[in-house]
K.L.:
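Here it is, the structure, as structure tokens.
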Amino acid sequence: MRRKLMERLIGWKDSPRRKPLILNGARQVGKTWLLKEFGNTQFGNVAYVSLDRDLTARGFFEPDLDVRRIIASLSLHLGVDIDSEKTLIILDEIQACPKAITALKYFCEDACEYHVAAAGSLLGISATEGTGFPVGKVNMLDLPPLSFREFLEATGNERFGKLIESGDQAMLASFAQRLEELLKTYYVVGGMPEAVEAFVESGDVMSARSVQQEILEGYVNDFAKHVPARLLARTMLAWDSIPAHLSRENKKFIFGQVKKGARAADFDESLRWLEQAGLIHKVRRVSKPGIPLSAYCDQNAFKAFFVDVGLLGAKSGLEPEAVLSGKRVFTEFKGALTEQYVCQQLIAECGLTPYYWSAENSTGEIDFLVQDAGGIFALEAKAEENLRAKSLRAFKEKHPDVRAVRFSLSGYREQDWMRNVPLYAADNRSLWA
């Protein structure tokens, strides 16, 4: 399957200011596959090593951090001629070898001509625990799950992805029903590569759901291995509470709902752990739509979204058929899946950092606020063809310079104060930005 991030990897390869690369991302988002595909298509050969499985290779980093010796050792061990221009060195599961993380600094300083890429589950966590993280000596990229458009291509529906990219309003309207069906399927299957692959091979969403359950179990196993013992119980409580938070109309994370009487201080470290591991996205509240939005961010108020919409459905126990057929059992949760989906598209396809706004003393709320060169955009995500947008209109009247956009299953339209964009085209910024 094609990943959009491949273009940025190629840009990294060709950059004159290239440093060793760390590819971040949650477990099972396809980091290893992407780096191998990158190496196989863009280089003459690949020197791949998994540092959690290969004890011999791990030992190469123990005596000292002489990168010339390390490269020579890897070459002999793997039986690969490592050429500075033609070889991609992949250090996978690098969190298993803290000294390898530190060694990236010396690859940068003493052997910058080599192409070195590292990946690893929970890398961000391991690297913060006194291992000598090479600050300023590495390039970093984040790999999210497949976006909706990547999902369309992976499932043989590339032509619909190109239609969304074109922004042709008349054509989008003609194929709205089919695009809505594909979007519902994406809600169920999500963007975890193995789940998508299982769906493509079988044509059955339940195959994807089985993979999702395995991935969720793998995350829990990671908690047991990597989360400090003093945080484990709290981390599990916080993780398990997220679907319930997102099912509420007000999706703000409430600590007292995780555990009665709990305060922010009780769960702050656990939530930070989940965020650093790439398992959740914190969408923080801003007090006003000022530029930059980060200057008006309230660090203590946030919504917590999952890494993937399909995993959210699996974690919630939501039956796939309920989503696909629109049964009543899905009604109460469709808002959660819709906001989760929009959040993912803003991050993965649009490259934006989403925030949200809520009034201090009223129920008014804007689902997402984002900032780009065009200014501030107030975005609302509606699960159906609901065209009521009282909060959005009131916000626009109070802040006329903000550009108001509503994502819904209604067709594209422009009003004097707002633009409506179909949900399935939420990632096409040309339609709303």
Side-chain angles (χ1 to χ4, degrees), residues 1-6 23-38 92-93 119-124 141-158 161 182-223 226 239-240 242-243 246 274-281 304-320 323-324 333 336-349 427:
M1 57 186 69
R2 189 181 71 85
R3 299 304 308 269
K4 181 181 178 182
L5 199 68
M6 180 66 81
L23 184 61
N24 285 317
R27 187 176 187 268
Q28 297 291 335
V29 294
K31 300 184 295 295
T32 300
W33 178 89
L34 181 60
L35 287 180
K36 286 184 174 180
E37 182 74 3
F38 173 50
D92 202 4
E93 301 293 350
S121 301
L122 310 173
L123 177 61
L141 291 174
D142 295 319
L143 180 65
L146 274 74
S147 67
F148 180 47
R149 212 181 297 180
E150 288 177 317
F151 170 81
L152 290 175
E153 183 168 342
T155 55
N157 292 287
E158 182 179 4
L182 290 167
L183 180 59
K184 286 182 179 180
T185 303
Y186 179 68
Y187 279 4
V188 174
V189 177
M192 303 304 283
E194 188 179 353
V196 175
E197 186 177 17
F199 171 68
V200 170
E201 290 178 353
S202 68
D204 182 4
V205 294
M206 293 308 298
S207 297
R209 176 55 57 89
S210 295
V211 171
Q212 290 162 349
Q213 296 292 1
E214 291 173 2
I215 292 173
L216 291 171
E217 290 171 8
Y219 288 165
V220 172
N221 291 336
D222 275 346
F223 296 163
H226 299 286
W239 173 249
D240 289 340
I242 292 174
L246 292 177
L274 292 170
E275 185 178 24
Q276 288 177 322
L279 300 183
I280 65 170
H281 297 298
F305 290 93
F306 258 46
V307 62
D308 175 64
V309 66
L311 291 183
L312 174 60
K315 179 69 173 171
S316 306
L318 187 62
E319 290 297 327
V323 181
L324 297 174
F333 206 68
L337 292 183
T338 299
E339 283 196 39
Q340 170 73 45
Y341 157 75
V342 171
C343 180
Q344 281 184 240
Q345 304 316 297
L346 293 174
I347 294 170
E349 280 288 346
D427 68 339

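Throughout, residue positions are numbered sequentially from 1 according to the sequence presented.
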K.L.:
Has the side chain of Glu275 got a donor or acceptor atom that lies under 3.5 Å from a matching backbone atom of His281?
P.N.:
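Such a contact is absent between Glu275 side chain and His281 backbone.
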
K.L.:
Determine whether Pro193 and Gln28 make a side-chain contact, defined as any pair of heavy atoms from C-beta on separated by less than 4.5 Å.
P.N.:
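No, too far: nothing below the 4.5 Å cut-off.
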
K.L.:
Can a salt bridge be assigned to the pair Asp92 and Lys31 using a cut-off of 4.0 Å between side-chain N and carboxylate O?
P.N.:
no

K.L.:
Side chains of Phe223 and Leu274: closer than 4.5 Å at any heavy-atom pair?
P.N.:
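Yes, at least one pair of side-chain atoms sits under 4.5 Å.
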
K.L.:
Less than 4.5 Å apart, any side-chain heavy atom of Ile347 and any of Pro144?
P.N.:
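Contact flag for Ile347/Pro144 side chains = no.
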
K.L.:
Under the salt bridge (charged side-chain N to carboxylate O under 4.0 Å, His left out) test, which residues partner Glu153, sequence neighbours left out?
P.N.:
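With neighbours one apart ignored, the set is Arg2.
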
K.L.:
Just one of Phe305, Tyr187, Phe151 clears the ring pair (Phe, Tyr, Trp, His ring centres under 6.0 Å) bar with Tyr341, so which one?
P.N.:
Tyr187

K.L.:
Do any N or O atoms from the side chain of Ser202 and from the backbone of Asp204 form a donor-acceptor pair under 3.5 angstrom?
P.N.:
yes

K.L.:
Could you list the residues that satisfy side-chain hydrogen bond (donor to acceptor under 3.5 Å, both in side chains) with Ser147, not counting sequence neighbours?
P.N.:
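Listed in chain order: Glu349.
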
K.L.:
Is a donor on one side and an acceptor on the other found under 3.5 Å between the side chain of Ser207 and the backbone of Gly203?
P.N.:
no

K.L.:
If we check side chain to side chain contact (heavy atoms under 4.5 Å, CB included) with Leu23, which of these qualifies: Thr32, Leu5, Val29?
P.N.:
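It is Leu5, the one option of Thr32, Leu5, Val29 that forms the side chain to side chain contact (heavy atoms under 4.5 Å, CB included) with Leu23.
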
K.L.:
Using side-chain heavy atoms (C-beta onward) and a distance below 4.5 Å, is Asn24 in contact with Leu141?
P.N.:
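Not touching, per the 4.5 Å side-chain cut-off.
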
K.L.:
Which residues pass the salt bridge (charged side-chain N to carboxylate O under 4.0 Å, His left out) test with Asp308, not counting sequence neighbours?
P.N.:
none

K.L.:
Which atom pair, heavy atoms only, marks the closest approach of Val309 to Gln344?
P.N.:
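Looks like N-OE1, 2.5 Å.
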
K.L.:
For the side chain of Asn157 and the backbone of Thr155, is there at least one donor-acceptor N/O pair under 3.5 Å apart?
P.N.:
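Judged by distance alone, yes, a pair lies under 3.5 Å.
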
K.L.:
Taking only residues two or more places apart in sequence or in another chain, which ones pass salt bridge (charged side-chain N to carboxylate O under 4.0 Å, His left out) with Arg3?
P.N.:
Glu150

K.L.:
For Lys36, which residues count as a side-chain hydrogen bond (donor to acceptor under 3.5 Å, both in side chains) partner, sequence neighbours excluded?
P.N.:
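Lys36 satisfies side-chain hydrogen bond (donor to acceptor under 3.5 Å, both in side chains) with no residue once adjacent residues are dropped.
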
K.L.:
Quick one: do Phe306 and Trp239 satisfy ring pair (Phe, Tyr, Trp, His ring centres under 6.0 Å)? Show the steps, please.
P.N.:
CA-CA 9 Å; Phe306 258 46; Trp239 173 249; 4.6 Å; yes

K.L.:
Kindly write out the residues that satisfy salt bridge (charged side-chain N to carboxylate O under 4.0 Å, His left out) with Glu194, not counting sequence neighbours, or none if the list is empty.
P.N.:
none

K.L.:
After noting the C-alpha distance and the side-chain angles of Val205 and Val323, does the key distance pass the side chain to side chain contact (heavy atoms under 4.5 Å, CB included) rule?
P.N.:
CA-CA 11 Å; Val205 294; Val323 181; over 6 Å; no

K.L.:
Please give me the minimum heavy-atom distance between Ala154 and Met1, naming the atom from each residue.
P.N.:
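Here Ala154 and Met1 meet closest at CB-CB, 4.1 Å.
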
